A.B. asks: 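Below is a structure I'd like to ask you about.
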Protein chains: 2
Amino acid sequence: MAFSRDDEIYSEGEVADYLYKVESGAVRTYKILSDGRRQIGAFYLPGDVFGLEVSDEHQLSAEAISESTILVVKRSALIALAARDPGVARQLWMFTAQALDRMQSHMLLLVRSAQEKVACFLLEMGERLSATEAMELPMSRQDIADYLGLTIETVSRTLTMLQTKSTIALPTSRRIVVRNRAALRRLNA
Amino acid sequence: MAFSRDDEIYSEGEVADYLYKVESGAVRTYKILSDGRRQIGAFYLPGDVFGLEVSDEHQLSAEAISESTILVVKRSALIALAARDPGVARQLWMFTAQALDRMQSHMLLLVRSAQEKVACFLLEMGERLSATEAMELPMSRQDIADYLGLTIETVSRTLTMLQTKSTIALPTSRRIVVRNRAALRRLNA
DNA sequence: CGACGCCTTGATAAATGTCAAACGTCGTGG
DNA sequence: CCACGACGTTTGACATTTATCAAGGCGTCG
């Protein structure tokens, strides 16, 4: 299935009938907090699976960040299959456990300083986009801020500061070149 | 198996050979951050299962918070069993997915204000300890602080403030009476 | 060219952390 | 039984980080 920028894929509270795999593009899952802020739970890039939940309702909403093609699989079919095929069951379990790992790293991120958050984010995206030199971020500053639990201003300032220290370069606002990965890792630590 | 206060159950990086179920007492899993702070990943109370990981290494360390008895199950045995018995596989998946849900709530907690964090924590513990009136917390202020990503002072001040507003009462530092659950829920929101 | 959206920058405010000290409680030993 | 000491908690004064509010720049697309 094809989705355009900001298209809703599913909404919080909706019945979780499907599993999804990103073929191209990028997806964010998020929740709107009572004070109106939006917290992003995760970003999904090509190859990633999302929509896995125990409860039969989605806990977060999902939206396409950019033009995306998403593979959609009926959940009940997969669960039925898993009941018969231990290999599928194992796969299902592995995907859930991977999501758990990612969630845990994200949780550990959220208790750190703004600098550390941004540094970790850049390293994570560098890996996941398998960027050698420059990377083109699919998400806006607002998305990054909501993922890291910061304001857009703090993200912007932190990036500017990293640029000033020549740790990164910002040819355009979406394109980031990591000049000094070691310095980022030090912040990351 | 029996563990005393602050006994290590397993350590980060150790091979994850076992799964654990709390029979009595309480357990915390945690990670020491580079700056020396300790982030608690989760608390486990009687009935809870922990030690589930995809990777064969533990990502966090686990310690008994108080005198505890823990049921220990060989991981490989359970995984082998799951390969033959779809029911067990499903159980295993459910536990992992439940951990994912908990982790997600915890993540959402960490981006909120100190007041909201403490209020959520009290509600969560109230439910999990199935406390009708008063509850006896198994963990110290430091544990709470490290769980919520706050300092011990902020936790203490917030509790004092809630007491001043008569939302809670603190007969002793470990015993908490929720006087006005609705007010907590409002903060929680 | 102009308008709009997104990003950056600046000044100020609010929340939380840090450092320091006092307080209470509990267990120990005189 | 009381005094003392250790440890966990609370409280206070101050520092730092990050958010908020406001304005300006910059690129894109009609």
Side-chain angles (χ1 to χ4, degrees), chain A residues 4-6 28 33-40 65-67 109-122 136-165 168-176 187, chain B residues 4-6 26 28 33-40 63 65-67 109-122 136-165 168-176 187:
Chain A
S4 299
R5 188 165 179 264
D6 296 338
R28 60 178 170 247
L33 303 181
S34 56
D35 60 0
R37 275 182 315 158
R38 177 186 67 164
Q39 177 62 35
I40 290 186
I65 292 177
S66 55
E67 304 297 311
L109 234 178
L110 292 180
V111 297
R112 313 174 71 139
S113 72
Q115 277 196 38
E116 291 172 327
K117 286 177 179 178
V118 172
C120 279
F121 171 77
L122 292 177
E136 189 78 23
L137 295 178
M139 68 288 284
S140 71
R141 291 285 184 274
Q142 188 64 60
D143 288 331
I144 299 172
D146 292 349
Y147 180 70
L148 299 177
L150 296 171
T151 59
I152 184 177
E153 292 96 332
T154 300
V155 171
S156 181
R157 277 186 244 274
T158 305
L159 287 172
T160 304
M161 194 211 62
L162 288 173
Q163 189 177 28
T164 306
K165 295 198 297 183
I168 61 170
L170 294 160
T172 76
S173 72
R174 293 291 184 104
R175 175 165 285 268
I176 297 189
L187 284 177
Chain B
S4 300
R5 185 163 181 265
D6 295 341
R28 62 180 167 243
L33 304 179
S34 56
D35 59 1
R37 275 181 314 157
R38 176 186 69 164
Q39 177 62 33
I40 289 186
E63 279 178 0
I65 293 177
S66 55
E67 303 296 311
L109 235 180
L110 292 180
V111 296
R112 314 175 72 138
S113 73
Q115 277 195 38
E116 291 172 327
K117 285 177 181 179
V118 172
C120 279
F121 171 77
L122 291 176
E136 188 79 23
L137 295 179
M139 67 290 283
S140 69
R141 292 286 184 273
Q142 188 65 61
D143 288 331
I144 300 172
D146 292 349
Y147 181 70
L148 299 177
L150 296 172
T151 58
I152 185 176
E153 291 94 334
T154 302
V155 171
S156 182
R157 276 185 244 273
T158 306
L159 287 171
T160 304
M161 196 209 63
L162 288 172
Q163 189 178 27
T164 306
K165 295 198 298 182
I168 62 171
L170 294 159
T172 74
S173 72
R174 292 290 184 103
R175 174 166 285 269
I176 297 189
L187 284 176

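Small disclaimer: the values here were computed from a predicted structure and weren't measured. Order of the sequence lines fixes the chain letters, A, B, ..., with proteins taken first and strands second; residue numbering starts at 1 for each chain.
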A.B. asks: Look at atom CZ of B/R174 and say whether more than 12 heavy atoms of other residues, nucleotides or ligands are closer to it than 6.0 Å.
C.D. replies: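 Buried by this count: over 12 neighbours within 6.0 Å.
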A.B. asks: What closest approach, in Å, do B/Q39 and B/Y147 show between heavy atoms, and which atom pair accounts for it?
C.D. replies: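 That closest heavy-atom pairing would be NE2-O, 3.3 Å.
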A.B. asks: For A/L170 and A/I176, work out which heavy atoms get closest and say how close.
C.D. replies: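 What the structure gives for the nearest pair is CD2-CG1, 3.6 Å.
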A.B. asks: Report which part of the nucleic acid B/S113 touches: base, sugar-phosphate, or nothing (heavy-atom distance under 4.0 Å, all strands).
C.D. replies: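 Result for B/S113 = sugar-phosphate.
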A.B. asks: Starting at CG of B/D143 and ending at C1' of D/dG8, how long is that distance when rounded to a whole Å?
C.D. replies: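 Going from B/D143 (CG) to D/dG8 (C1'), I get 12 Å.
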A.B. asks: To the nearest 10°, give me the bend of the helix from C/dC1-D/dG30 to C/dG30-D/dC1, comparing the axes of its five terminal pairs at either end.
C.D. replies: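 About 20° separates the two local helix axes.
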A.B. asks: Can you give me the closest heavy-atom contact between A/L109 and A/E116, atom names plus distance?
C.D. replies: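 Reported closest heavy-atom pair: CD2-O, 4.3 Å.
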A.B. asks: Could you check whether A/R5 gets within reach of a base, just the sugar-phosphate, or nothing at all, counting any heavy atom under 4.0 Å?
C.D. replies: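 Counting heavy atoms under 4.0 Å across all strands, the contact made by A/R5 is with sugar-phosphate only.
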A.B. asks: Taking it one step at a time, do B/E63 and B/R28 satisfy salt bridge (charged side-chain N to carboxylate O under 4.0 Å, His left out)?
C.D. replies: CA-CA 6 Å; B/E63 279 178 0; B/R28 62 180 167 243; 2.6 Å; yes
A.B. asks: A quick test of your reading: do over 12 heavy atoms of other residues, nucleotides or ligands sit less than 6.0 Å from CZ of B/R5?
C.D. replies: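 It does not: B/R5 CZ has 12 such atoms or fewer within range.
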A.B. asks: Scan residues 146-160 of chain A against DNA chain C and write down, sorted by residue number, each residue with any heavy atom closer than 4.0 Å; if none is found, say none.
C.D. replies: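 Nucleic-acid contacts, sorted: A/E153, A/S156, A/R157, A/T160.
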A.B. asks: Measure CG/B/L110 against C1'/C/dT16 and give the value in whole Å, please.
C.D. replies: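 So the two atoms are 15 Å apart, to the nearest Å.
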A.B. asks: Work out which heavy atom in A/K117 is nearest to a heavy atom in A/R112; give both atom names and the distance.
C.D. replies: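 Closest heavy-atom pair between A/K117 and A/R112: CE-O, 3.3 Å.
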A.B. asks: Does A/S140 reach a base, just sugar-phosphate, or nothing at all? Heavy atoms under 4.0 Å.
C.D. replies: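 Contact class for A/S140: sugar-phosphate only.
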A.B. asks: Could you please spell out the steps behind the side-chain contact (heavy atoms from CB on, under 4.5 Å) verdict for A/L122 and A/L162?
C.D. replies: CA-CA 11 Å; A/L122 292 177; A/L162 288 173; 4.1 Å; yes
A.B. asks: Please determine whether a side-chain nitrogen or oxygen atom of B/R37 lies at a distance below 4.0 Å from atom OP1 or OP2 of C/dG17.
C.D. replies: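 No, B/R37 has no side-chain N/O under 4.0 Å of OP1/OP2 on C/dG17.
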A.B. asks: Which heavy atom in A/T154 sits nearest to a heavy atom in A/A114, and how many Å separate them?
C.D. replies: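 Heavy atoms only, the tightest pair is CG2-CB, 3.7 Å.
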A.B. asks: Looking at the side chain of B/S173, which of D/dT9, D/dT18, C/dT16 is the nearest nucleotide?
C.D. replies: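 Of all the options, the side chain of B/S173 is nearest to D/dT9.
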A.B. asks: Rounded off to whole Å, could you give me the CG-to-C1' distance for the A/L170 and D/dG25 pair?
C.D. replies: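 A/L170 atom CG is separated from D/dG25 atom C1' by 16 Å.
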A.B. asks: Could you state the CD-P distance from B/E116 to C/dA15, rounded to the nearest angstrom?
C.D. replies: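 My rounded result for the distance is 12 Å.
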